[in-house]
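Small disclaimer: the values here were computed from a predicted structure and weren't measured. All chains are named by letter (A, B, ...) in the order of the sequence lines, taking the proteins before the strands, and each is independently numbered beginning at 1.
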Amino acid sequence: MGRGTPQLRNKGGRGRRTFVTNARGPPGFQPARPLTRRKVDTSVKFMKFTEEHEQFRKAVRQVVDNDINPYVDDWEEAGIFPAKQVFSKLAEIGALGLEYDPAYGGQGADHSFTLVLGEELGRIDCAGVPMAIAVQAGMATPSLANFGTHELKKQYLEPAMRGELVAAIGVSEPDAGSDVAGIRTKAVRDGDDWVITGRKMWITNGTQADWICLLVRTSDEGGYAGMSQIVVPTATPGFSVGRKIEKMGNRSSDTAELVFDEVRVPVSNTIGEVGRGFQQQMAQFQDERLIGAYMAVASMRKALDKTKDYLQQRNAFGKPLLANQYLQYELAELYAEVDVLEAFCRTCAEAYNNGQDVTRMATVAKLKAGRVQRQVADKCVQFHGGMGYAEEMWPARYFRDSRLTSIGGGADEVMLRVIALLEGMGRK
Amino acid sequence: MKIVVCVKQVPDTWSEKKLDPATKTLDRASVDGVMNELDEYAVEEALKIAEATSGEVVVLSMGPEQSTETIRKALSMGADAGIHILDDGLAGSDAVATSLAIAKVIEGRGADLVIFGSESTDARMSVVPAMVAERLGLPQLTFANKVEAPGDGTVKAHRLTDYGYDVVEASTPAVISVVEKINEPRYPSFKGIMAAKKKPVETISLADAGIESASVGLGAAWSEVAEFADAPARAAGTIVTDEGDGGTKIADYLSEQKFI
């Protein structure tokens, strides 16, 4: 953990009593406390939410409200958040290993609970922290859970699910991002070890990670062949953090460039089959796109709610801004977009639960989430006027953070390419 | 050790609370119900004592149908079984009637400890624990911020006072009420939530508990809401300008208000 990382502080116990508000504003500005707290909305019931889902939703919401949101401003400013402390809180409720094997400390839940988790993490007042959580819970660990050996799971998955070890996923490189086939980081076999050399870029949790699910070339076949996934502990000699990357948004999440200089790890650290890394990683990407879309949808609904509240409280020309039909209809249009996307995501989750191939649905969900989120963020800034442009209030951060959804986890253009290929357009 | 922990479902602290003009009681339908926050500390304390003494925790709640959510929450935190006192005749019960119903149901169940949160965030009277203790003829250790119950027939507590705390001790069975910060309540976990589904919840009506309907409910209340109005909007505060005597002015103000 980086120096100067703000720690969880006791702000008067469990947050609720101190009424720490999430909205910020200039001196003297009364933060826009929600008119009423939104009742848990489960009106769109494509998923069959049971009472257990609602209980779990409330448990996640408690952690978000008490242990995350009150500290987000500090973490954004620091450019990092205390991953282990936050993860251990989430581990308490079982949120870091929902779908994993109970034999290794997982919860044995089905995917519908991951949907609930994603929807609630989307209510975090920044995108950096939920992204980092999603990396731990559903982007860096699925391959290990699905294909790892017993020993590897004991050593790395179990403590990750308890929030004791921070995980990261290493795929992108300085010269290869969405085009995964272009990666050059190499692992050369030397007896019972891999010797790894190369660089990885855009690594979420990069400066605090204890281990990395690393995609490397283990043969010279080129293209999609000859890649493997290897667990690399960051304490291994030869590993170093090249630099922490300053970003437009998601500032509370530490993103790093990582350097591997003859890093030696046992061959037994290979996840699944040698040479099957690309395929395993593609499956892992699907989980990433799904949870990313679930979080984005929930964040959009919250952003629209907050904007609606603000427009109700702010007067101009002798009446609340929200009395303007133009603003009402613009918001209504966006609510409609969010409703459709939420329904699509829930249908997608159900299909995934039923064991269907959701490649296309996950791709569509991710693409549309990114695009709609850009519209929502833009309108939130616009309708807040000057305050929307000021860093003192939330819309500016939301605007910056939202931009990533169309880039991370495969850019919009890659999503379009996948859909085009599935439609028989272009060449594979 | 058998511990009964009493919990109440209250309107979400953050929501706008309203009184129903017809009954002059709280409109519970328009807001989300949650477990009274102080009761979370009571549940946690009960669970900790039970874990240390291989005991059993029974969660008890009196309230309308939706109170089962609060019982389920306590069960998902780890309580073993639930009791729901549910009867339309209980609606509008005041503290006196509530304590009667709770005491009647607890009586004869062999509880070593009965633990409450020290107040509910809706009524805020803090009297039910004492009333229940009185009705059951048990010692009461209220406003505790530390409890030691080793399971040897005694219970010791730090009872908060205006000036510090008193160390009080009693034989069990006893009634305890706890204040916030006594512990950090655990969150219900996914496994806890799934396990709660299978735990038994007994529903008890007035007739089951042998309570006469005339002694509870709105009709039996010792107090009556004559009228009510919205809270007035908060007035602007007083700004004291420091002209070298700011400290004195503030001290004068605090003294005038009897704060110091």
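- Open room surrounds CG on D230(B); 12 or fewer heavy atoms of other groups in view lie less than 6.0 Å from it.
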Item to check | side chain to side chain contact (heavy atoms under 4.5 Å, CB included) assessment of Q62(A) paired with E40(B) | outcome: CA-CA 12 Å; Q62(A) 267 195 312; E40(B) 290 187 23; 3.5 Å; yes
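- Two residues are said to be in side-chain contact when any heavy atoms from C-beta on lie closer than 4.5 Å; F190(B) and V60(A) fail this criterion.
- With a threshold of 4.5 angstrom between heavy atoms, V63(A) approaches chain B through its backbone and through its side chain.
- A 4.5 Å side-chain heavy-atom check between Y187(B) and K58(A) finds every atom pair outside the cut-off.
- Rounded to the nearest 0.5 Å, atoms CZ (F56(A)) and OG (S189(B)) are 9.0 Å apart.
- Q55(A) contributes atom CD, which lies 11.5 Å from atom NZ of K197(B) (distance to the nearest 0.5 angstrom).
- Shown here is F228(B), whose CZ atom has more than 12 heavy atoms of other residues, nucleotides or ligands within 6.0 Å.
- Every residue was checked against the side-chain hydrogen bond (donor to acceptor under 3.5 Å, both in side chains) condition with Q66(B), not counting sequence neighbours, and none meets it.
- Screening residues 90-108 of chain A for side chain to side chain donor-acceptor pair (under 3.5 Å), with sequence neighbours left out, gives E99(A)-H111(A), E99(A)-T114(A), Y100(A)-T141(A), Y104(A)-H150(A).
- Side-chain atoms of K191(B) come within 3.5 Å of backbone atoms of G106(A) as a donor-acceptor pair (strictly under, hydrogens ignored).
- In this structure, E51(A) does not pair ionically with K73(B), as no charged nitrogen and carboxylate oxygen lie closer than 4.0 Å.
- The environment of K156(B) atom NZ is sparse: at most 12 non-hydrogen atoms of other residues, nucleotides or ligands sit within 6.0 angstrom.
- Contacts from residues 45-57 of chain B to chain A, taken as heavy-atom pairs separated by less than 4.5 Å, involve no residues at all.
- Within a 6.0 Å radius of CG in N315(A), other residues, nucleotides and ligands contribute more than 12 heavy atoms.
- R234(B) is linked by a salt bridge (charged side-chain N to carboxylate O under 4.0 Å, His left out) to nothing, counting only residues two or more places apart in sequence or in another chain.
- The two residues A59(A) and P188(B) make their nearest non-hydrogen contact at CB-O, 3.5 Å.
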